Student: 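Please find one structure pasted underneath; my questions will follow.
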Amino acid sequence: MLMTLEKKLSENLAKLKKELSSSDVEFLEIFISDKKALLIYVSDIVNKEAIGQLILRPATEYQGEVSQKAVSEIFLSPEKTLTSDLKQVINEIVSGSAVLLVDGLSTAFIFGLKKFEKRAITEPPTSTVIKGPREGFVESLPVNVSMIRRRLKTPDLTFEHFSVGQYSNTTVALCYVKGIADKGLINKLRKKIKEIKIDAILDSSYVSKLIGEHKSSLFKQVGNTEKPDILIAKILEGRVALIVDGSPIALTVPYLLIEDFQSPSDSYNSPYSATMARSLRFLAVIISLYLPALFVSAELFHLQLIPLSFLLTIVNSIKGIPLSPSYEMFFTLVIFETLNEASVRMPKYVGMVVSIVGGLVLGETAVNAGIISAPALMIVAFSGICLYTVPELEQTFSVMRLAFLIIGGSIGAYGVIVATVFLLIYLVSFESFSLPLLAPFSPLVAKDLKDSLYKGFLTEQSNRPSSIKVRNRKRLNTEDN
Amino acid sequence: MQYSLKTRQICLFFIAFLPVLKFFLMPSTVARFAWEDMWISLVVNALLDFSTLAFMVFLTKHEKRNVFQILEDTLGKIPAKIFLFFYLIYFMLKGIIPISEQKDYVEFTLYLSTSSSLLFAPFFIIPIYLSIKKLRVIGRCADAVWIFAIIGYLLIFALSIGNVDLNTILPVGATGIENILKGSYSSLNWFGDCAYFLFFIGNYKHEKKDTSKILICYGVALLVVLIFGLLFWCSFSSIAFRQRFALTEISKYMTVINNIGRFDYFAIFFLLFSAIFATSLPIYFSVILFNRIFNIKYSYVAPLLLTAVYITVNLIFAQKFYTLERFLTLKIGIVYLAFSNVFPIVIALLTRLKPKEKVYEVQES
């Protein structure tokens, strides 16, 4: 039911006091000429200086007739809206706006004078670069929008705001470049955002999980970035971004698995070094996934795989170890994961101690005490390091690594191959927002291989990726084309 | 109009999945009959398959109907279903040896210290899972697997070429035509992959030069088989028929192996990766036929049922694989010839009888 404002200020006050009983809500009684008025705001989230300058001062100085038109003209706030909807008034107050109600007028004057404390713009810890911009998103949506607008000065850059969350009323901004992004995708995202029914959106990860098409998938379905330059590169490829107020991580749709093998610095380095780095990341992930499983398989079932001299080293190192190779590797991996988890959660100054105790004391002692072997420890450590070459996929692949290890330790290399085939069938049939996750490899899109594991020269990438549906394919005009 | 497959995917399908199943038991089986002329036996089968595919591709290149629509239009609904039922039997038979030989390979060759049928059991998850996917997924799998298959072929060739003595194939034709044909006949079960193309008819958009692209890729895949057969014979010559699983034997004497372990196993793993897909294909296509015959939508019913049949056959013949292999390779070769070479051409010819007035939309099978 639509609740509207009354002409009588006392009635409006009673209604609002009933709805806004929190003690940080201020009801400031003022006079405009001879009319009684009420200024309502939440004291900690408004710019009080601006209230004084833009509302209180003009109100006290004004001596003319008080009408809706006059009140509109007195107050020169850049963000000013009028409404008679009580629900909107309440929502605006709790969102940080100041609302002015005047006796005899059934219209509320809303002044956007929000002032939230925010963190300074810093380099995101997950995407540090040697070359290239170092700015990262912060938790404030307006600041994030400003960082994007500063880099993309075009009227085609569009933001659509949605309020999501029954209690949090979090602003979610849909961001795209008109003329590039596919209309179907934009409509689909609009629909999905409107369908979200949840108490609160506390971070963009909530949105990514709620708009994903495969609810129980281990794999990501929505891309993310903390850097405005990367976000812009992605929306210029035809993707649509979602920026959530309160989260420094922006989401991009559609998502391809290859995106996470591309580092922010690749675009700023030479194509040769970027290609080498990407190939290295890919190889590192493969090593990380398969090395523990294949090592255990070889030890248990396929000794012929191991060169004789290395086999002798292994035999010497596992002599007297009470655990079987698969249990040994499994427990070493569990210890590694535990240390990893602890070092992330612990305060920084204790983190150093954990590294020393975990890495050196625990590992060294375990080997010396004959509980685990040196090769197993080395393999787990190497596998762990390899996985961090692609931090975005660390969580997904660490689960898969454990699964492969269990399979390899139980049924050997053939089991690992079967598991890989299963995974491949799953991945090639996995589509998110109508885009196959493994593109441009499967389905093979030859044109898009120029920015996959191989990073082509900028001049080679004259078109936007063919895998992504866009309205305008051309992005670079060179003399050659 | 949305097609399930791209021409590229059909090309890569043949390269990725066609050769690998011929690397297990087939070379020693052919060598048993054709000796130094085993390569001629393989050439005969390769030419037979190549010609069949060439006919099919040429005759059906502008066909918009899939194989089921073609049969229903020309034979009628019930006769078409009966015909498809026989094809179902054929694909089921075609799948028995690849599964059994892979099971034996895994059980007795890949695992040194353990030997149990359970080691092979996880394989059956793959055909069940793959069979609920649409044809589009097969094309995408080919897109993803071909590179691993090619690395596998190149590695295995590189590692085996050191032991090759080409003189062992001389004099050409010494075994006699009868033995050469026996060699060809005994390997019909492993050949005849051109029959898979039946399922691609009407499911890909034919464009200029596509015929030659498909045939070139099929030719390349057959060439890989011939090279493998040749290398196999030239490595072992008169004792070739005793080397049960050619894939493991062909590269094991490479001197480098003594220094760095069975490095060739990495090539074998790549090829096994492709082989698991290839072994699942007869079940996949059997499921399509089963669903079509009994009007079942995509579900787990047919994959589970047909896989259960294979598991039962494997369990029954676990100790008598040799008898089963002899029966399937030597007694019913004519069935393979009919269903993989004769009937596909007949079906392709039927497309010429299509009713002109009907307009067909591509249906994903």
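Just so it is clear, the model here is predicted, and its values are computed rather than measured. Only heavy atoms go into these numbers, but all of them, side chains included; no hydrogens, no water, no symmetry mates. In what follows, chains are A, B, ... by sequence order, proteins preceding strands, each numbered from 1.
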Student: Measure distances from A:Leu305 to the heavy atoms of chain B and classify the residue's part below 4.5 Å as side chain, backbone, both or neither.
Tutor: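 Both parts, backbone and side chain.
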Student: Where on B:Leu110 is there a heavy atom nearer than 4.5 Å to chain A: the side chain, the backbone, both, or neither?
Tutor: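 Both backbone and side chain.
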Student: With a 4.5 angstrom heavy-atom cut-off, which part of A:Phe301 approaches chain B: side chain, backbone, both or neither?
Tutor: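 Interface part for A:Phe301: both.
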Student: Give the member of B:Arg8, B:Gln9, B:Lys6 that has the highest number of heavy-atom pairs under 4.5 Å with chain A.
Tutor: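 Between B:Arg8, B:Gln9, B:Lys6, the count favours B:Arg8.
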Student: At a heavy-atom separation under 4.5 Å, does A:Leu427 approach chain B through its side chain, its backbone, both, or neither?
Tutor: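 Contact with chain B: none, neither part.
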Student: Of the backbone (N, CA, C, O) and the side chain (C-beta and beyond), which part of A:Phe310 lies under 4.5 Å from a heavy atom of chain B, both, or neither?
Tutor: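 It is neither, since no heavy atom gets under 4.5 Å.
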Student: Give me the ring orientation class for B:Phe236 and B:Phe232: parallel if the planes are under 30° apart, tilted from 30 to 60°, perpendicular past 60°.
Tutor: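 Answer is tilted, since the angle falls between 30° and 60°.
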Student: Donor-acceptor pair, distance only, cut-off 3.5 Å: does the side chain of A:Asp448 make one with the backbone of A:Ser467?
Tutor: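 Yes: the side chain of A:Asp448 pairs with the backbone of A:Ser467.
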Student: Give a yes-or-no answer on whether the side chains of A:Ser429 and B:Lys133 include a donor-acceptor pair shorter than 3.5 Å.
Tutor: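 Yes, B:Lys133 and A:Ser429 have a side-chain donor paired with an acceptor closer than 3.5 Å.
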Student: So for B:Leu12, is it side chain, backbone, both, or neither that comes closer than 4.5 Å to the heavy atoms of chain A?
Tutor: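 Just the side chain, heavy atoms under 4.5 Å.
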Student: I want to check a possible cation-pi pair here: B:Lys94 against B:Tyr196, using under 6.0 Å from ring centre and within 45° of the ring axis as the test.
Tutor: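 Yes, a cation-pi geometry holds between B:Lys94 and B:Tyr196.
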Student: Do the side-chain N and O atoms of A:Ser373 and A:Glu328 include a donor-acceptor pair separated by under 3.5 angstrom?
Tutor: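 Yes, because at least one side-chain N or O of A:Ser373 sits under 3.5 Å from a partner of the opposite role on A:Glu328.
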Student: Using a 4.5 angstrom heavy-atom cutoff, name the option from A:Gly415, A:Ser410, A:Pro436 with the most pairs to chain B.
Tutor: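 Winner by heavy-atom pair count: A:Pro436.
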Student: Side chains of A:Ser217 and A:Tyr426 only: does a donor on one sit below 3.5 Å from an acceptor on the other?
Tutor: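 Short answer, yes.
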Student: Which one of A:Ile306, A:Leu424, A:Val421 has the most heavy-atom pairs closer than 4.5 Å to chain B?
Tutor: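 Of A:Ile306, A:Leu424, A:Val421, A:Val421 has the most heavy-atom pairs under 4.5 Å with chain B.
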Student: Under 3.5 Å, is there a donor on one side chain and an acceptor on the other for B:Ser280 and B:Tyr129?
Tutor: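 There is no such pair (donor and acceptor under 3.5 Å, judged by atom type) between the side chains of B:Ser280 and B:Tyr129.
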Student: When only pairs under 4.5 Å are counted, which of A:Phe441, A:Tyr414, A:Phe422 shares the most heavy-atom pairs with chain B?
Tutor: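 Of the candidates given, the most pairs with chain B belong to A:Tyr414.
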